[in-house]
Engineer: 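Please read through the structure below; I'll follow up with questions.
Note that this is a predicted model, so its numbers are computed, not measured.
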Amino acid sequence: MLRQNHLHVSLLYIVLLTGTKYGCGGGGCGACTVMVSRYDQIHNRVLHYTVNACLQPICTLHGAAVVTVEGIGSTKTKLHPVQERIAKAHGSQCGFCTPGMVMSMYTLLRNKPHPTMEDIREALGGNLCRCTGYRPIIDGFKTFCVVSNAFNLFPKASCLIQSTFLLTKMHVFSFDYFETCSVKCMCYISLGIREWRGMLPEWPEWRIRGKVLLCFQGDRLKLISPVDLTNLLELKTEYSEAPVVVGNTTIGPNITFQLFVIYLLCVHVHAGVSMGAVCTLSSLKEEMERAVREMEAERTRGYQALLQTLRCLAGKQIRNMATIGGNILSANPKYDLNSVLAALDCTLQVMSKGTVGQIRDHSISHDLNGKDMWEFVSAFRQAQRREFAFSIVNAGMKVVFREGTNIVESLNIYYGGVGATLVKIGRTCQKLVGRSWGEELLADACCLLEEEVELSDSAHGGKVEYRKTLTTSFFFKFYMQVLQELRERDVNVCLLPLEYLSALKPFKNEVPQGHHSFQLVSNAQSSQDPVGHPMMHQAAFHQATGEAQYYDDIPPVQGELFVFMVTSTRAHAKIINIDPSEALGMTGVVTFLSAGDVPGQNRRMLFNNPEELFAEEEVSCVGQIIGAVVAESREQARRAAQRVKVTYQDLLPVFFTIEEAIQHQSFFDLKRKLERGDMDKAFETVDQILEDEIYLGGQEHFYMETQGLIAVPKGENGELELFVASQHSAYTQEVVGITLGIDSNKITCHVRRLGGAFGGKVMKIASLSAITAIAAVKTGRAVRCVLERGDDMLITSGRHPFLGKYKVGYNNDGTIMAADITYYSNGGCTLNESSVIMEKALLHMDNGYRIPNLRGRGLVCKTYLPSYTAFRGFGGPQGLMVMESVLHEVAVKCGLPPQKVREINMYREEECYTHHKQLFSPRNMLRCWDECLDKAGYHDRLQAIQQFNTSNRWKKRGISAVPMKFGVGFSKGFYNQGAALVNIYKDGSVLVAHGGTEMGQGINTKALQIASRILKVPMSSIHIKETCTGNIPNAAPSAASFGTDAVGMAVKDACEKLMGRLKPVMENHPKYTWQQWVINKHPPDYNKLNIMMGPHTGVDWENSEGPAYYYFTFGACCSEVEIDCLTGDHKNLRTDIVMDVGRSLNPALDIGQIEGGFVQGIGLYTIEELQFSPEGVLMTRGPSQYKIPALCDIPPQLNVHLLANAQNPHAIYSSKGIGEPPVFLASTIFFAIKEAVAAARRERGLGDSFPLSSPATSERIRMACEDQFTEMAPSPKKGTFKPWSINI
């Protein structure tokens, strides 16, 4: 039932179907995508379109039908082909994003049964995936592009429902049932949900009902839907402060108003040139496309400029909801439309109520007549990502020439992103009118723009030099484009050099495809043996239908409460007072928790350093948990937490960066060093010495499922059950026990699956679990904790920023004789896992190179930021990256190709020792390297790139290849263990429970394959039970790429022992079936718990020796990129990966892990940028500010090959762990970018050696390509201004 305080709640929380996921709450990830169907009165048709359920207010759905993923198919009835194909194409790993992907594709098919690849790319542009790398999703969906009756799912476009797949859980919001609010007003609340049976003859009836005034009244909000335009103007006069809401894409993420007017009148585009203000951006785009198709090219320049902007503006779901009027009137300078519309001299007609019954103006319209063939229009934008991202700077430019000449008659230039609102460049344009379009005009225009575009050094949004540079770079592009078109019209203008022309072509976004190869199983292997086959993920069908259950999908427990964290707003301060009185007085609030409510220990030791659950006396970062509010609902808890008043006394010092920590000598006690050879002697004998450094930024996990759990007190003997999103349930159990002061045997943690984790759900979730458990014990009721995306990013932090400083001694032939490297990591305010992460960085510092004299030192900086934690790779990507930077810079100094310098320094002998004296063979690493270069056609492409760079001034390409040696397993030997419990039942079915956690990597699928091989029963007869501390105690975390190794060996051993018990029966009755063997076993000994311990690993840090890892996974990668030297944008063109995974247990899963890890690395090294304020406040707290790779960032060619004839005697069936290593391979993108930048700099007479920090964002790329435009935006001196953000 829809209650009064739910009026503003989005569709996501009302429908109560778990397939639609909460990912971000702001329309930025697509996990909550659903299809909405409405009747279009103008065109007498039904419209189907995707929306973000998290932004769609429930009351706006009157008269609409909503289809969720449950409504199109299920494993209980029949799968829809969309669900089936994404699963069978291995496009679902953790599965949290899968329902959203399915609904985006399903809606596309409802509208276009035979889509093109471009249609698919556009449909999925608003959906993010953190696991797969997108390629397998495209592989599944591109099968619908085939023109065949077999794929004609919806042959009759006029019919709303034509498929039998659609008869379950499709909901129509109507007035079948209604009730009036207690408030005296005309308020009808949709309560009825009825099944949609085929067609809907009621549409005409609903169309009539749509003309009734609707009013929804809640305890905080009032929502009104007007009848018509006159009614809207009357309401706006009466409620002048109320925003007019249509799409809810601006207000939705930040609902702070108490009164809404919801305008639900039909949206349409007027013929030719006028659009209504509530026309959606998708409708505008369609109308522009129609105009471009039907009109003469000379008349459509304005339309084409708008189209260019609209194609990159937000995702499909947002464009389906957002309107022209909302985009304009929000006046957000990051919104791209305004600059284009203003440049086109469009008119905005404003309506208001005059005298009674009269309206002064009639409509909102935009005049887009582009009839003059001497008018030229362009739109420009640059963002963190080419699509689905706010622009950093956008521009609209239009010039009109005197007919037949190059004399400027009028000029319009508008910029967004260089001021608080849209900026009109008036003075510059005025001075250029009457001038000839030539080089003198260009030079003067750039100087004038430099003077007129004013950005203070502390301007909101930062990137000041970059933004200034973009203004002149955009104009230069416009100048060249117009010049070229004038020459095509035989106007006498200066000739544009041919090498400039490529600058006029924007990068085209393409869908990723690729070639994959792996070794087939032996012909001698039984056809019933699934090991080695590319089996589908065990839960893929359930994930594609929305039936897969995550912790927040568990139905509410009777009397369930919600907990919301109260966090510090100061970076370093003493807590003077905590006052929750106002919060406790709010409706629905049950209690407030702080350090005094902890029944056990509020402080515990982690790696010999203290960790506080609740900050008690002092806070040491913004985001540190001080308390928690427990309330009846999520919203009540959230609002109440904002009312808790904390009084602080600021303390000094306060600093946040590695450089500042070095200045303050602020380090955690644990310092590590590894060394081999004689450094001093080596530096005396080398030809050259190089000293340099590289900075590596941090990274947010951005798992699609935020952290959380449900704590359920059992009421007897103090027992407690936790349904928790944890990679390390045993540690969560331990921390909760310490906090509550009870034994672990009374606490049971359940983990069915995780919606992504990547190391972020190992440690931090334990503290959240302890707080939630305290709330459950104190209230005696079940308590649910679900972190909102912004709070998750603030509280849990992510990958460590690193600074690598190195001194390298090398000879002129590129041979490196000595390297002395010091690693600094930003650990944040507590040690957490920073010490072991630094150890892993040091242990990987040699990568695949035999440097005879090598020393590495590691220091973890203590700063006043939230403590950084584990992330996929666990320090390996940082340690490897610094060494690759060393190799790259040595190659530059020697004037040699980096590939040659890498080959010169590689380990070559059959038996080699790492710098920590671990024996290994580099044979497979060298094989990967050679095969990678061969399959990539590296040498031929290198020549082609050199030719391309010679022929193109403002576009440059680069290519890079790197090898990789990555240690698998824990360097702390006691973690290298796995446990499994296998039960065989009398009916022959098998139940497997193990200590690993399924988080998309396929550990359950591989465990099923292993059990099936040993027991010789089909995988369908084996079931994997949830991870549970009650079944498998003291399990190691699922991390370090070691989960399958540990769990797989335990499952194998347990099954072998069970088969040993069955052997006498099987020998005596060889013709019996499996079930008969089981039934005849006496006594019925059908279960086996087995614990597998790996070999000893460990490092003697005093003597720099010891086997740190179980074994090494090898690989090689080659990537090619193209950069735009004028904007800093780049496109990943192609990547080839060859990976040694031993003998793969499941090639499909392993290739998926390789691609997913690589794409996560693309984010790490090129896109993902965390920004903090000078006060230490994280400002990138959601997908609107923080960008992970989207579909547009994936190389169009992404080829993955598994090394054939590879063996690994150290792991299950000669396989290898593969989860973490591929992240580092994306460093090839970074170094390819650096090669491209170097090519641009050489052309300008600049040095090849230049600093480039990671990630290589568009800002850093552009500013490294120094030219006349960057010189016009010099960097201010440090200390002379307060920056908007600081470089952490």
Side-chain angles (χ1 to χ4, degrees), residues 1 3 5-6 9 13 16 18 22 549-566 580-581 583-600 602 613-614 625-644 706-726 729 732-733 735-752 765-788 791 1028-1030:
M1 180 175 289
R3 298 184 298 183
N5 62 349
H6 281 166
V9 172
Y13 291 116
L16 300 180
T18 58
Y22 167 83
Q549 190 180 72
Y550 302 81
Y551 79 88
D552 197 31
D553 296 333
I554 298 173
V557 179
Q558 181 67 32
E560 182 178 277
L561 302 173
F562 295 83
V563 63
F564 201 95
M565 305 301 157
V566 176
S581 57
L584 291 171
M586 296 176 67
T587 302
V589 176
V590 176
T591 189
F592 173 75
L593 305 175
S594 61
D597 296 287
V598 179
N602 184 58
L613 190 66
F614 293 111
I625 298 174
I626 296 174
V629 171
V630 183
E632 299 283 348
S633 73
R634 296 176 198 247
E635 183 62 20
Q636 288 169 341
R638 185 184 69 83
R639 292 203 308 269
Q642 296 171 349
R643 301 295 181 89
V644 176
T706 60
Q707 301 217 25
L709 71 148
I710 305 169
V712 183
K714 305 306 291 183
E716 185 176 348
N717 298 321
E719 293 182 18
L720 184 70
E721 284 194 298
L722 303 177
F723 300 88
V724 58
S726 174
S729 53
T732 297
Q733 178 190 41
V735 171
V736 171
I738 291 171
T739 304
L740 296 180
I742 63 176
D743 295 334
S744 293
N745 59 9
K746 296 180 180 179
I747 302 164
T748 305
C749 294
H750 304 265
V751 185
R752 168 133 350 235
I765 185 62
S767 296
L768 297 173
S769 299
I771 292 171
T772 309
I774 293 170
V777 170
K778 183 176 180 178
T779 62
R781 297 162 67 178
V783 178
R784 188 178 298 243
C785 171
V786 182
L787 289 189
E788 294 184 350
D791 290 333
C1028 177
T1029 56

Engineer: State, to 0.1 Å, how close S729 and V751 come at their nearest heavy-atom pair, and which atoms those are.
Structural biologist: CB-CG2, 4.1 Å

Engineer: Locate the shortest heavy-atom distance separating T772 from L709; write the atom from each residue and the value.
Structural biologist: OG1-CD2, 3.5 Å

Engineer: Has the side chain of Y22 got a donor or acceptor atom that lies under 3.5 Å from a matching backbone atom of E788?
Structural biologist: no

Engineer: Could you tell me the separation between the CE atom of M586 and the CZ atom of R643, rounded to the nearest 0.5 Å?
Structural biologist: 4.5 Å

Engineer: Output the distance between atom CZ (F614) and atom CD1 (I774), rounded to the nearest 0.5 Å.
Structural biologist: 5.0 Å

Engineer: Atom CE in M565, atom CD1 in I771: separation rounded to 0.5 Å?
Structural biologist: 4.5 Å

Engineer: When you look at I710 and E560, which way does the side-chain contact (heavy atoms from CB on, under 4.5 Å) test go after all the steps?
Structural biologist: CA-CA 9 Å; I710 305 169; E560 182 178 277; 4.0 Å; yes

Engineer: Quick one: CZ on F562 to CZ on R784, what's the gap to the nearest 0.5 Å?
Structural biologist: 5.5 Å

Engineer: Within the side chain of T1029, is there an N or O that forms a donor-acceptor pair under 3.5 Å with the backbone of C749?
Structural biologist: yes

Engineer: Do Q549 and P555 have side-chain heavy atoms sitting under 4.5 Å apart?
Structural biologist: yes

Engineer: Using the side-chain contact (heavy atoms from CB on, under 4.5 Å) rule, take Y550 and T18 through it: C-alpha gap first, then chi angles, then the decisive distance, then the call.
Structural biologist: CA-CA 9 Å; Y550 302 81; T18 58; over 6 Å; no

Engineer: Looking at R781, I want to see if its CZ is surrounded by more than 12 non-hydrogen atoms of other residues, nucleotides or ligands under 6.0 Å.
Structural biologist: yes

Engineer: Below 4.5 Å, heavy atoms only, C-beta onward: do L561 and E632 meet side chain to side chain?
Structural biologist: yes

Engineer: Could you tell me the separation between the CD1 atom of I747 and the CD atom of E721, rounded to the nearest 0.5 Å?
Structural biologist: 11.5 Å

Engineer: Provide the closest heavy-atom pair for V589 versus A640 in the form atom of the first, atom of the second, distance.
Structural biologist: CG2-CB, 3.5 Å

Engineer: How far apart are the closest heavy atoms of V736 and A773, and which atoms are they?
Structural biologist: CG1-CB, 3.7 Å

Engineer: What pair of heavy atoms forms the shortest contact from F564 to A637, and how long is it?
Structural biologist: CB-O, 3.6 Å

Engineer: For residues S767 and L613, report the shortest heavy-atom separation together with the two atoms involved.
Structural biologist: O-CD1, 3.4 Å

Engineer: Any Lys/Arg nitrogen of D552 or R634 sitting under 4.0 Å from an Asp/Glu carboxylate oxygen of the other?
Structural biologist: yes

Engineer: What's the separation between atom CD1 in I625 and atom CG in L768, rounded to the nearest 0.5 Å?
Structural biologist: 5.0 Å

Engineer: For T732 and S726, does a side-chain donor sit closer than 3.5 Å to a side-chain acceptor?
Structural biologist: yes

